[in-house]
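From a predicted model like this one, the values you see are computed outputs, not experimental measurements. Along the sequence shown, residues carry numbers from 1. In listed order, ligands and their atoms are each counted from 1.
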Amino acid sequence: MKPTVAPMPQSRLRRLRRTPALRALVRENTLTPDDLIWPVFVMAGTDEETPIGSMPGVTRKTVDRVVKAAVEAHSLGIPAICLFPYTSMEFRTDDCAEAWNPDNLTNRAIRAIKDACPDIAVMTDIALDPYNINGHDGYVEDGVIVNDRTVEALVKMALAQAAAGADILGPSDMMDGRIGAMRRALESEGYHDVAILSYTAKYASAFYGPFRDAVGATAALKGDKKTYQMDPGNSDEALRLVERDLAEGADMVMVKPGMPYLDICRRVKDTFGVPTYAYQVSGEYAMLQAAAQNGWLDGQKVMLESLLSFKRAGCDGILTYFAPEAARVLNG
Ligand code: PBG
């Protein structure tokens, strides 16, 4: 569709910008708490929180505190919370068996949240990195991140999370064939209604740095993730990945990181028209918070503007560490 603009003075585009009422009337995109998914970090213990240095305002929380956070999120109108475990070193092994332990930190948190606050959707992360001695999302054999053996482990992880009551599974590992394998296993075990939000276009990005501090993976990680996460130079490849994940049974797709990849969000939404999400990752959060703390940016305004940019780019929702703060502001 070609935009129609009459010449001056028939058309003066400033007419509709003149007052708040007129601007509200013609606003094309809006942000509401409904658009937000809140990622939270879970740690062992009780009634404790520890701050994460590179993510001001974000803490790791014990399961009881995560439950409180979920209740708070629900009361703020946030529809979903997403769990990331901070696994202690003793549970990081070569075989990553803790990943599918029915009583691991994530699975305990899922059950506790579902008990206390059944109406909030609980999303998980599926990848081996929190449990892997070398910090990679898949098994490493002779320096190679192997695909098919990793997928078998991810399927076990998915089933354990589904059994714990997860509503949305979030495979973030970027192995090939994982979505199909998980979907087949979920169907055959009777978990027909567990949704998969695939980290479909996940780029090998330096913006994940603060997250790796938060989950204690920075020291462990040997090398980089470029043989499985996407090359930041690619865009067509993202569409091929979305097409494949949808064919394999993904219900929703994600682009990650967010702000540096808004062009990908737009292409995905325009091409497929499916529920599309962006992850405003730890590094994006850290940049905005650091500038705000220095008084260089208005923190509240850039938070809302950055989140609105995802809606404008075609996203249905955003995973963001700002979720509770943004919801509070949006709720007035
Ligand atoms: C790991 C995972 C990562 C993030 C979510 N899941 C980091 C990585 O791939 O190394 C990053 C989230 C963020 O930076 O906020 N499977």
Side-chain angles (χ1 to χ4, degrees), residues 36-42 52-60 80-87 92 96 98-99 104-106 123-140 145 147 150-151 153-154 157-158 161 168-175 178-179 182 196-232 253-261 277-290 303 306-307 310 317-323:
L36 306 174
I37 299 175
W38 184 18
V40 296
F41 299 106
V42 195
I52 297 153
S54 49
M55 300 179 73
V58 176
T59 58
R60 303 183 194 100
I81 192 164
C82 181
L83 305 174
F84 292 96
Y86 175 82
T87 312
R92 297 178 196 233
C96 307
E98 181 67 7
N104 70 18
L105 211 41
T106 296
M123 176 173 167
T124 63
D125 182 65
I126 299 183
L128 297 182
D129 56 324
Y131 312 100
N132 208 343
I133 194 76
N134 51 51
H136 276 289
D137 293 18
Y139 288 124
V140 184
I145 289 83
N147 196 90
T150 299
V151 170
L154 299 173
M157 204 174 163
Q161 294 174 352
I168 305 169
L169 306 182
S172 69
D173 54 284
M174 289 297 279
M175 298 297 123
R178 71 230 165 104
I179 304 299
M182 279 174 212
I196 298 177
L197 199 182
S198 175
Y199 285 63
T200 297
K202 178 174 178 180
Y203 287 85
S205 171
F207 285 99
Y208 308 147
F211 174 96
R212 290 178 191 166
D213 292 340
V215 297
T218 308
L221 184 62
K222 294 189 183 67
D224 57 47
K225 301 192 175 185
K226 289 180 186 167
T227 69
Y228 46 109
Q229 299 180 346
M230 277 181 71
D231 186 329
V253 296
M254 189 201 296
V255 174
K256 177 185 174 186
M259 274 169 53
Y261 296 88
Y277 298 80
Y279 198 142
Q280 183 180 51
V281 300
S282 56
E284 302 175 61
Y285 175 86
M287 286 195 299
L288 297 179
Q289 288 290 64
M303 168 182 76
S306 67
L307 292 172
F310 294 106
I318 310 112
L319 285 95
T320 176
Y321 302 98
F322 285 121

(request) Please write down residue, atom name and distance for the protein heavy atom closest to atom 15 (O) of ligand 1. (result) Y321 OH, 2.6 Å
(request) For the residue pair T150 and R178, confirm or rule out a side-chain donor-acceptor distance under 3.5 Å. (result) no
(request) Decide if the gap between the ring center of F211 and the ring center of F41 is smaller than 6.0 angstrom. (result) yes
(message) Looking only at side-chain N and O atoms, does S306 offer a donor or acceptor that is under 3.5 Å from a partner on Q280?
(response) yes
(request) Check whether more than 12 heavy atoms from other residues, nucleotides or ligands sit under 6.0 Å from atom CZ of F207, and answer yes or no. (result) no
(message) Evaluate Y199 for polar contact with ligand 1, using N/O atom pairs at a separation under 3.5 Å.
(response) no
(request) Supply the atom-to-atom distance D129 CG to C96 SG, rounded to the nearest 0.5 angstrom. (result) 9.0 Å
(request) Starting from atom 4 (C) of ligand 1, find the nearest protein heavy-atom neighbour and note its residue, name and distance. (result) K256 NZ, 2.6 Å
(request) Using a strict 4.0 Å cut-off to heavy atoms of Y279, name the atoms of ligand 1 that fall inside it. (result) 12 (C), 15 (O)
(message) Counting non-hydrogen protein atoms only, what is the nearest one to atom 2 (C) of ligand 1? Give residue, atom name and distance.
(response) K202 NZ, 3.3 Å
(message) A side-chain contact here means heavy atoms from C-beta on lying under 4.5 Å apart; do F310 and T320 qualify?
(response) no
(message) Please work out, at 4.0 Å between heavy atoms, whether the side chain, the backbone, both, or neither of V281 comes within that distance of ligand 1.
(response) both
(message) Tell me whether ligand 1 is touched by E284 - counting only heavy atoms on the residue side and a distance under 4.0 Å.
(response) no
(request) Starting from atom 16 (N) of ligand 1, locate the nearest protein heavy atom and write down its residue, its atom name and how far away it is, to 0.1 Å. (result) S172 OG, 2.8 Å
(request) Considering only non-hydrogen protein atoms, determine which one is nearest to atom 14 (O) of ligand 1 and report residue, atom name and distance to 0.1 Å. (result) S282 OG, 2.7 Å
(request) Kindly compute the distance separating CE (M182) from CD (Q161), expressed to the nearest 0.5 Å. (result) 8.5 Å
(request) Check D125 against ligand 1 and report side chain, backbone, both or neither, counting heavy atoms closer than 4.0 Å. (result) side chain
(request) Establish, for the pair K202 and Y208, whether the NZ or CZ atom is under 6.0 angstrom from the six-membered ring centre and no further than 45 degrees off its axis. (result) yes
(request) Write out the residue and atom name of the closest protein heavy atom to atom 8 (C) of ligand 1, then the distance separating them to 0.1 Å. (result) K225 NZ, 3.4 Å
(message) For the CG atom of L83 and the CG atom of L105, what is their distance to the nearest 0.5 Å?
(response) 9.0 Å
(message) Rounded at 0.5 Å granularity, tell me how far NZ in K225 sits from CG in D137.
(response) 3.5 Å
(request) Check ligand 1 against D137 and write out every atom of the ligand that is under 4.0 Å from a heavy-atom position of the residue. (result) 1 (C), 16 (N)
(message) Give me the nearest non-hydrogen protein atom to atom 1 (C) of ligand 1 as residue plus atom name, then the distance to 0.1 Å.
(response) D129 OD2, 2.9 Å
(message) Just to confirm my output: which protein heavy-atom neighbour is closest to atom 12 (C) of ligand 1, and how far is it?
(response) F211 CD1, 3.3 Å
(request) Find all atoms of ligand 1 within a distance of less than 4.0 Å from any non-hydrogen atom belonging to A127, and give their numbers and elements. (result) 16 (N)
